[in-house]
Amino acid sequence: MRLKTAFISLVLLICPCALCYGQLSFSGVNGERGYAAMRGIFKLDLDNGFIFTPRYGYYRMSDKEIDEAGSTSRYGLEGAYELNDDGTVFAEGFWQPQAVGYQAVGYGAGLRWKPFYRWGMLKNPLLTVKAEQTRYRTYVDKIGNDLPGGSFGQIETGASAQVSADAGAWNLKAAWHKVIKYTSRVPQDVTFSWADIPFMTAVVQGFVKEAAAVRVSYRTDFITPYASLARYRYAELSDTAAAVSAGLHVHLWEMSLSGGVEVFEPRRESNRRTYFSMSAEVEF
């Protein structure tokens with residue numbers, strides 16, 4: 001039922017802009033025991049320098065009835081302004097309503113810059129830098145019991161960067177995220193319900209202190225295979241975790257469809273999680 005509600009929310013989010021110029025994309029994953037996550041993005045170009053991008057995200061841990069009330073949603077919005085052909089400034093924010101004892105709000109601002117059109121084999125490079133802050137509130141411990149003090153609050157201040165470029169038919173992307181400061185030390189029995197990993201659709205749990213990822217794809221007229229590798233570190237742990245993904249994009253006119261797989265912690269059998277992914281993208 002909650003998954004159906006998530007799809008309805010996404011439709012209501014994008015319908016007012018359905019006749020405008022833009023780009024609509026959807027991605028989702030499914031895993032063991034009914035785990036599911038989805039993300040929807042609508043990029044609305046007003047053709048006057050302003051670009052607005054509403055976002056919606058959703059996930060559930062299992063398909064058990066007891067977990068349906070624990071489904072989690074995030075609503076986001078980005079506003080951008082094109083300074084010129086090479087530079088764009090943007091600001092964004094998201095809201096995660098309280099669910100299963102967790103809630104959060106985040107905001108950030110940054111710059112997208114195209115330093116040159118072509119340099120040797122490299123073409124269309126794009127650099128994105130962003131400063132961001134997220135405010136978390138946790139009301140339960142890792143096993144779902146209420147915290148003795150009522151709740152745990154955390155403010156995370158960080159920075160991120162992403163670069164992409166074409167080299168012939170190859171497209172190369174790299175992303176990096178780093179938490180500069182936490183206002184509180186995370187207790188061992190406390191976690192958080194939502195953390196993003198670059199180039200992955202699936203949601204992980206915890207406070208991710210640092211993440212770095214690369215993505216490579218090779219475009220042809222109809223099919224584009226891709227592969228990604230990410231490494232990330234939790235605030236409460238000293239070692240790093242890894243995630244990999246691979247799949248194929250199929251291009252049909254102004255639409256792109258894809259299918260693939262995402263594997264988290266592939267070298268640790270006890271923690272390994274495998275998700276099957278799909279996505280669709282349409283340009284208006």
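Note that the structure is predicted; figures quoted are calculated from it, not measured.
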K.L.:
Can you check side chain to side chain contact (heavy atoms under 4.5 Å, CB included) on Val140 and Val100, steps first, answer last?
P.N.:
CA-CA 8 Å; Val140 295; Val100 209; 5.9 Å; no
K.L.:
Could you measure the distance from the OG1 atom of Thr157 to the CD atom of Gln133? Nearest 0.5 Å is fine.
P.N.:
4.0 Å
K.L.:
In this structure, which one of Tyr232, Trp176, Tyr234 forms a side chain to side chain contact (heavy atoms under 4.5 Å, CB included) with Glu210?
P.N.:
Trp176
K.L.:
Please name all residues satisfying side-chain contact (heavy atoms from CB on, under 4.5 Å) with Met255, sequence neighbours left out, ordered by chain then number.
P.N.:
Leu257, Val282
K.L.:
Among residues at least two apart in sequence or on other chains, which ones pass ring pair (Phe, Tyr, Trp, His ring centres under 6.0 Å) with Tyr81?
P.N.:
Phe50
K.L.:
So with a 6.0 Å cut-off around NZ of Lys114, is the heavy-atom count from everything else above 12?
P.N.:
no
K.L.:
Look at atom CZ of Phe276 and say whether more than 12 heavy atoms of other residues, nucleotides or ligands are closer to it than 6.0 Å.
P.N.:
no
K.L.:
Determine whether Leu77 and Ile51 fall in the same hydrophobic cluster, where Ile, Leu, Val, Met, Phe, Trp and Tyr are linked whenever their side-chain heavy atoms lie under 4.5 Å apart.
P.N.:
no
K.L.:
Can you list the residues that meet the ring pair (Phe, Tyr, Trp, His ring centres under 6.0 Å) rule with Tyr226, with sequence neighbours excluded?
P.N.:
His249
K.L.:
Just do the side chain to side chain contact (heavy atoms under 4.5 Å, CB included) check on His251 and Arg219 with the steps written out, would you?
P.N.:
CA-CA 10 Å; His251 310 287; Arg219 185 180 179 92; 3.1 Å; yes
K.L.:
Can you tell me how far apart CE (Met278) and OG (Ser258) are? Round to the nearest 0.5 Å.
P.N.:
8.5 Å
K.L.:
Are the ring centres of Tyr102 and Tyr139 closer than 6.0 Å?
P.N.:
no
K.L.:
Answer with yes or no whether the hydrophobic clustering places Phe199 together with Val29; edges join I, L, V, M, F, W, Y residues whose side-chain heavy atoms lie under 4.5 Å apart.
P.N.:
no
K.L.:
To the nearest 0.5 angstrom, please state how far the NZ atom of Lys209 sits from the OG1 atom of Thr240.
P.N.:
13.5 Å
K.L.:
Can you name the closest pair of heavy atoms from Ala167 and Leu122 and give their distance?
P.N.:
CB-CD2, 4.3 Å
K.L.:
Using 30° and 60° as the class limits, which term best fits the ring planes of Tyr58 and Tyr56: parallel, tilted or perpendicular?
P.N.:
parallel
K.L.:
Give, for atom CD1 of Ile155 and atom OG1 of Thr134, the distance between the pair rounded to the nearest 0.5 Å.
P.N.:
10.5 Å
K.L.:
Under the ring pair (Phe, Tyr, Trp, His ring centres under 6.0 Å) rule, collect the residues that match up with Tyr275, sequence neighbours excluded.
P.N.:
Tyr35, Phe264
K.L.:
Flag yes if more than 12 heavy atoms outside Asn271 fall under 6.0 Å of its CG atom; otherwise flag no.
P.N.:
yes
K.L.:
Out of curiosity, Arg74 CZ to Gln103 CD, how far, rounded to the nearest 0.5 Å?
P.N.:
11.5 Å
K.L.:
Name all residues meeting the side chain to side chain donor-acceptor pair (under 3.5 Å) criterion together with Asp196; count only those two or more places apart in sequence or in a different chain, and write none if there are none.
P.N.:
Arg39, Trp194
K.L.:
Take Phe90 and Arg112, measure what side chain to side chain contact (heavy atoms under 4.5 Å, CB included) needs, and give me the verdict at the end.
P.N.:
CA-CA 8 Å; Phe90 66 92; Arg112 296 187 181 97; 3.6 Å; yes
K.L.:
Sequence neighbours left out, what passes ring pair (Phe, Tyr, Trp, His ring centres under 6.0 Å) with Phe207? Give chain and number order.
P.N.:
Tyr136
